[in-house]
Amino acid sequence: MTYDAPLADTAFPDALMDDDEAYLRSLRGDMPMKSQDVMARMDKVYSVYVEWRRDKILKEAFDTFMEDTLATRDGQRKEANIFFVTGESGAGKTEAVARVLGRHPSLQPRKASFGVIRPYVSIKLAGYILPRIAAVQIIAASGHPVNAKTGQGDAWSAMPAALRKRRVVLVHIDEVQHLIGGGGGGDGGGSTDDGQQLADAIKGVSISTPWPIAFVLSGLPGIKVLAQKDEQFERRSRWVHFPDVNIDTQRELVTNILVKLSEAAGLGLGAMTETDMPERIAHAANNRYGRICQLVAAAIHQALRAKKTQTELLRGHFALAYANSSRARDDNRMNIFMVDAWQGLEPGAFLDAEKRKGEEADA
């Protein structure tokens, strides 16, 4: 049995089949006006990026990396290096790297008679895949035709020439742990040889003449095994690590996130920043920058959806947002925003309701 609504009488314009943005606008346009207003305000919230010290460190390190990448030896390109960005899940690596790549002057798109030149390509891995498939994805992302049946060695060997034709000088692979299997903090789907194979493949492409390719690899801290497996790889690696937020010394970061995101939504904060709410938020987000931003955005969403118009972001909105992203909905004692002794709760989302019931039964 299905519960689909009757088909609308309006004809579906063929143009929407090719225009993703127009199609999404049409979907939004069919929603109630209240929802459209909420989405318009959330668009502004999601457009905010709160910079802090680590972004400056990342930019300076990457600027140095690109200067070295584009420097020549006797007029010829030299071997390229590998730039690592590591951090725990929810640290905000993906957006930070995308910003630094997208804003670097040497990596901007360029118009040519045959089309647009894009000096870098970026792929994001969603789960374990073979290194050969990653190579195929990289070549395809550059716009170069590729045979999906190409063997692993052939795909990586063909990459320098293919990327040279597309004028690509840098490749970014996000969530690299999925290429390493169990050895890199990934899903454990790969063999123990995957890390070495990937290190060898990347090294080969980065030292290929006459067109060496620089790599940016972002992922969980476990991707360090790539450099640990090969001394030459280690020697040519550059590193930036995103640590967890230290609320004792970086409380201002959390308050800045609160202020800037709420301002984008048109909401006030009252005296929230003067309470223990920044500490609660950091605790609920497991002290990860990206998760803090997500939690604040989710609380703002709850405020905008309230039946009665809200002018301020309140602790109750965070309690609702936390309940939606955990299993604390039916157990307020496990909701960091609804108890006084919140420091005694595990950081992050409460998920183990079964363990909690077992502990109560044993008590």
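In this structure, a donor-acceptor pair under 3.5 Å is present between the side chains of Trp342 and Asp276.
Scanning both residues, Ala299 and Ala321, for their nearest heavy atoms gives N-CB, 3.7 Å. Of all heavy-atom pairs between Ala284 and Ile336, the closest is CA-CD1, 3.5 Å. The minimum heavy-atom distance between Tyr322 and Ala328, with the atom names listed, is CE2-CB, 4.1 Å.
Distance CG/Leu220 to OG1/Thr86: 9.0 Å, rounded to 0.5 Å. In this structure, CE on Met272 lies 4.5 Å from CG on Leu313, to the nearest 0.5 angstrom. Between the OG1 atom in Thr273 and the CE atom in Met277 there is a gap of 11.0 Å [rounded to 0.5 Å]. A distance of 10.0 Å separates CG in Asp200 from CD in Gln232, rounded to the nearest 0.5 Å. Interatomic distance, OG of Ser326 versus CG of Asn335, reported as 6.5 Å (0.5 Å rounding). For the atom pair Phe62 CZ and Asp55 CG, the distance stands at 14.0 Å (nearest 0.5 Å).
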Please tabulate, for the side chains in residues 109-121, all donor-acceptor contacts under 3.5 angstrom to protein atoms that are two or more places apart in sequence or on a different chain.
residue, atom, partner, partner atom, Å
Arg110, NH1, Ser106, O, 3.4
Arg110, NH1, Gln108, O, 2.5

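Of the candidates Lys124, Gln177, Glu175, His172, Ser218 forms a side chain to side chain donor-acceptor pair (under 3.5 Å) with just one, namely His172.
Ile173 and Trp239 fall within the same hydrophobic cluster, where Ile, Leu, Val, Met, Phe, Trp and Tyr residues are linked whenever their side-chain heavy atoms come under 4.5 Å apart, directly or through other members.
Side-chain atoms of Gln310 come within 3.5 Å of backbone N or O of Lys308 as a donor-acceptor pair. Checked by atom type and distance alone, the side chain of Trp211 never pairs as donor or acceptor with a backbone atom of Ala162 at under 3.5 Å.
Classification of Arg251 and Glu279 as a salt-bridged pair holds, one side-chain N sitting under 4.0 Å from a carboxylate O.
Taking the side chain to side chain contact (heavy atoms under 4.5 Å, CB included) definition, one finds that Asp244 meets it with Glu88, Asn287, Arg288, sequence neighbours left out.
Taking the six-membered ring for Trp and thresholds of 30 and 60 degrees, Phe215 and Trp156 have ring planes inclined between 30 and 60 degrees apart.
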Next on the checklist: For Arg236 and Lys203: C-alpha separation, side-chain torsions, deciding distance, then whether side-chain contact (heavy atoms from CB on, under 4.5 Å) applies.
Outcome noted: CA-CA 9 Å; Arg236 294 174 43 240; Lys203 183 174 65 176; 3.6 Å; yes
Before giving the answer on side-chain contact (heavy atoms from CB on, under 4.5 Å), spell out for Ile213 and Val169 the whole-Å C-alpha distance, their side-chain angles and the decisive distance to 0.1 Å.
-> CA-CA 5 Å; Ile213 300 295; Val169 297; 5.6 Å; no
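Surrounding CD of Glu252 are at most 12 heavy atoms belonging to other residues, nucleotides or ligands under 6.0 Å away. Around atom CZ of Arg305, no more than 12 heavy atoms belonging to other residues, nucleotides or ligands sit under 6.0 Å away. More than 12 heavy atoms of other residues, nucleotides or ligands sit less than 6.0 Å from atom NZ of Lys34. The number of heavy-atom neighbours closer than 6.0 Å to NZ of Lys59, taken from other residues, nucleotides and ligands shown, is 12 or below.
When hydrophobic side chains of Ile, Leu, Val, Met, Phe, Trp and Tyr are connected at separations under 4.5 Å, Met39 ends up clustered with Met31.
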